[in-house]
Engineer: 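Have a look at this one.
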There are 2 protein chains.
Amino acid sequence: MSNSEGLVPPGADPLTCCVPLSREPISPEQAATVVPMLKAIADPARLRLLSLVLSHEGGEACVCDLLPHFDLSQPTISHHLKVLHESGLVDREKRGTWVYYIARPEAMAAMAGLFTADTGARTAVDA
Amino acid sequence: MSNSEGLVPPGADPLTCCVPLSREPISPEQAATVVPMLKAIADPARLRLLSLVLSHEGGEACVCDLLPHFDLSQPTISHHLKVLHESGLVDREKRGTWVYYIARPEAMAAMAGLFTADTGARTAVDA
DNA sequence: CGTCAATGTTGACAGCCGTCGATGTGTGGC
DNA sequence: GCCACACATCGACGGCTGTCAACATTGACG
């Protein structure tokens with residue numbers, strides 16, 4: 001996987017950069033920071049994986065919970081989870097034999113913030 | 001462009017299907033409906049194009065307004081605008097020689113709705 | 001009607017991406 | 001120590017995607 005794409009640029013924080021798209025034109029640098037997260041969820045399997053993790057008890061799930069929901073091979077699911085993790089959308093935590101993936105609320109808020117109408121009301125995450 | 005991907009499935013409405021990802025696991029069918037919009041903005045050029053249109057006066061802009069912001073060729077910009085349009089994110093309107101692209105508020109609201117925390121507070125755009 | 005300006009379409013090509021089978025790594029149990 | 005299990009990594013392959021140059025189309029304007 002090349003360093004030039006698919007991974008968030010080092011030093012840039014996609015969580016604090018996210019002003020609504022409608023407020024002002026997003027800069028190329030900001031775009032490059034947010035795009036990896038968007039690419040991560042712009043795939044049916046990964047979108048479902050994220051939704052499964054988010055809606056699972058405690059906002060976390062282990063790979064063994066997720067696998068049965070798909071017709072894909074285990075390496076493929078593992079690959080997709082890696083993409084979700086490297087984009088900053090989910091955290092990884094190993095507990096014994098199992099690995100748990102945990103959704104990051106800040107990342108969700110950052111995504112939602114991109115699409116707010118920017119007319120009066122704001123999401124809880126601008127500060 | 002194959003019909004199996006990149007285009008919203010006929011008969012499905014991505015605007016009304018969008019329950020927050022965290023409320024319940026999104027179905028494969030729902031995922032297939034939303035993914036084209038996500039794919040559309042999961043590209044630096046297209047994300048910037050959408051932001052430029054959204055933040056432009058009246059939420060609309062003609063191609064000639066957009067071209068100067070990029071180092072890409074005109075056919076490439078035209079291609080990206082086509083993707084944005086076919087995904088349902090922007091509308092097209094021809095006025096004389098110029099073509100205007102207009103952001104669709106419902107689509108923005110649908111995107112924002114995907115990422116709402118679904119715990120009490122909601123975004124200003126769920127109607 | 002001919003020309004120019006603005007935009008879309010086509011065809012081609014290189015690079016990326018999703019998928020798999022095979023294999024590696026670490027953990028717990030007997 | 002050894003085996004079974006959960007998960008990650010690797011290498012390969014086919015299809016999709018972003019990009020461009022060349023060309024087509026449409027409308028304005030003399």
Side-chain angles (χ1 to χ4, degrees), chain A residues 1-8 28 31-32 35-50 52-53 60-87 90-102, chain B residues 1-8 28 31-32 35-50 52-53 60-87 90-102:
Chain A
M1 201 169 292
S2 80
N3 187 27
S4 63
E5 186 138 17
L7 205 52
V8 42
V35 157
M37 287 204 286
L38 291 170
K39 272 193 195 302
I41 55 173
D43 175 275
R46 289 197 292 264
L47 186 65
R48 289 182 58 208
L49 280 169
L50 179 60
L52 282 165
V53 169
E60 62 178 44
C62 76
V63 183
C64 57
D65 292 328
L66 304 170
L67 269 178
H69 290 86
F70 296 85
D71 282 336
L72 301 171
S73 69
Q74 175 266 323
T76 299
I77 297 296
S78 190
H79 162 68
H80 285 313
L81 288 169
K82 184 180 184 179
V83 173
L84 285 173
H85 178 235
E86 286 181 336
S87 73
V90 301
D91 271 335
R92 262 193 67 182
E93 194 171 316
K94 191 163 189 174
R95 300 179 196 158
T97 311
W98 296 272
V99 174
Y100 284 76
Y101 284 86
I102 305 131
Chain B
M1 201 170 293
S2 79
N3 188 26
S4 62
E5 186 138 17
L7 204 55
V8 42
V35 157
M37 286 203 286
L38 292 170
K39 273 193 194 301
I41 54 174
D43 175 275
R46 289 196 293 263
L47 186 65
R48 289 182 57 208
L49 280 169
L50 179 61
L52 282 165
V53 169
E60 61 178 44
C62 77
V63 183
C64 57
D65 291 328
L66 304 169
L67 269 178
H69 291 85
F70 296 85
D71 282 335
L72 301 171
S73 69
Q74 175 267 323
T76 299
I77 298 295
S78 189
H79 162 68
H80 285 314
L81 287 169
K82 184 180 184 180
V83 173
L84 285 173
H85 177 235
E86 286 181 336
S87 74
V90 301
D91 271 335
R92 261 192 70 182
E93 194 170 318
K94 191 163 188 175
R95 300 179 196 159
T97 310
W98 296 273
V99 174
Y100 284 77
Y101 284 86
I102 305 131

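Residue numbers start from 1 in every chain, and the chains themselves are labelled A, B, ... in the order their sequence lines are given, proteins ahead of strands.
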Engineer: If I take atom CG in residue L84(A) and atom C1' in nucleotide dA8(D), what distance separates them, rounded to the nearest angstrom?
Structural biologist: 15 Å

Engineer: Quick one: which of dC20(D), dT17(D), dT19(C) gets closest to the side chain of K39(B)?
Structural biologist: dT17(D)

Engineer: Closest approach of D43(A) and V35(B), non-hydrogen atoms and distance?
Structural biologist: C-CG2, 3.9 Å

Engineer: Could you give the CG-to-C1' distance, from D71(A) to dT19(C), as a whole number of Å?
Structural biologist: 13 Å

Engineer: Using atom CG of L81(A) as one end and atom P of dT19(C) as the other, report the distance to the nearest whole Å.
Structural biologist: 12 Å

Engineer: What's the shortest heavy-atom distance between S87(B) and L84(B), and which atoms?
Structural biologist: OG-O, 2.9 Å

Engineer: Indicate yes or no for a side-chain donor-acceptor contact from R46(A) to the backbone of H80(A) under 3.5 Å, with no hydrogens or angles considered.
Structural biologist: no

Engineer: Checking contacts here: which listed nucleotide (dT19(C), dA8(D), dT19(D)) is nearest the side-chain heavy atoms of P75(A)?
Structural biologist: dA8(D)

Engineer: What integer distance in Å separates L66(A):CG from dA8(D):C1'?
Structural biologist: 15 Å

Engineer: Between H80(B) and dT19(D), does any side-chain N or O lie under 4.0 Å from OP1 or OP2?
Structural biologist: yes

Engineer: Below the 4.0 Å mark, does dG18(D) have OP1 or OP2 next to a side-chain nitrogen or oxygen of H79(B)?
Structural biologist: yes

Engineer: Can you tell me how far the CG atom of L38(B) sits from the CE atom of M37(A), to the nearest 0.5 Å?
Structural biologist: 12.5 Å

Engineer: Specify the residues of residues 92-100 of chain B, ordered by number, for which at least one heavy atom lies under 4.0 angstrom from an atom of DNA chain C.
Structural biologist: R92(B), T97(B), W98(B), V99(B)

Engineer: Rounded to the Å, how far apart are H85(B) NE2 and dG8(C) P?
Structural biologist: 10 Å

Engineer: Atom CD1 of I77(A) to atom P of dA8(D): distance rounded to whole Å?
Structural biologist: 11 Å

Engineer: Measure CD/E86(A) against P/dG18(C) and give the value in whole Å, please.
Structural biologist: 12 Å

Engineer: Could one point to a donor on the side chain of Q74(B) or the base of dA6(C) with an acceptor on the other under 3.5 Å away?
Structural biologist: no

Engineer: What residue among L49(A), D91(A), V90(A) forms side chain to side chain contact (heavy atoms under 4.5 Å, CB included) with Y101(A)?
Structural biologist: V90(A)

Engineer: dT17(D) P sits how many Å from D43(B) CG, rounded?
Structural biologist: 11 Å

Engineer: Report which part of the nucleic acid F70(A) touches: base, sugar-phosphate, or nothing (heavy-atom distance under 4.0 Å, all strands).
Structural biologist: nothing

Engineer: Show me the donor-acceptor pairs, under 3.5 Å and distance only, between side chains in residues 61-72 of chain A and residues at least two apart or in other chains.
Structural biologist:
{"residue": "D65(A)", "atom": "OD2", "partner": "C62(A)", "partner atom": "N", "Å": "3.3"}
{"residue": "H69(A)", "atom": "ND1", "partner": "D65(A)", "partner atom": "O", "Å": "3.3"}

Engineer: Indicate the atoms forming the closest heavy-atom contact of A31(B) with P44(A), along with that distance.
Structural biologist: CB-O, 4.3 Å

Engineer: Base, sugar-phosphate, or nothing for L72(A), non-hydrogen atoms under 4.0 angstrom?
Structural biologist: sugar-phosphate

Engineer: Look at the side chain of K82(B) and decide which nucleotide, out of dT9(C), dT7(C), dT9(D), has an atom nearest to it.
Structural biologist: dT9(C)

Engineer: With a 4.0 Å limit, can you tell me whether T76(B) has a side-chain N or O closer than that to the phosphate oxygens OP1/OP2 of dT19(D)?
Structural biologist: no

Engineer: Give a yes or no answer on whether the side chain of R92(B) reaches the backbone of K82(B) with a donor-acceptor pair at less than 3.5 Å.
Structural biologist: no

Engineer: Which nucleotide wins on minimum distance to the side chain of V63(A), given the candidates dC20(D), dA8(D), dT19(C)?
Structural biologist: dA8(D)

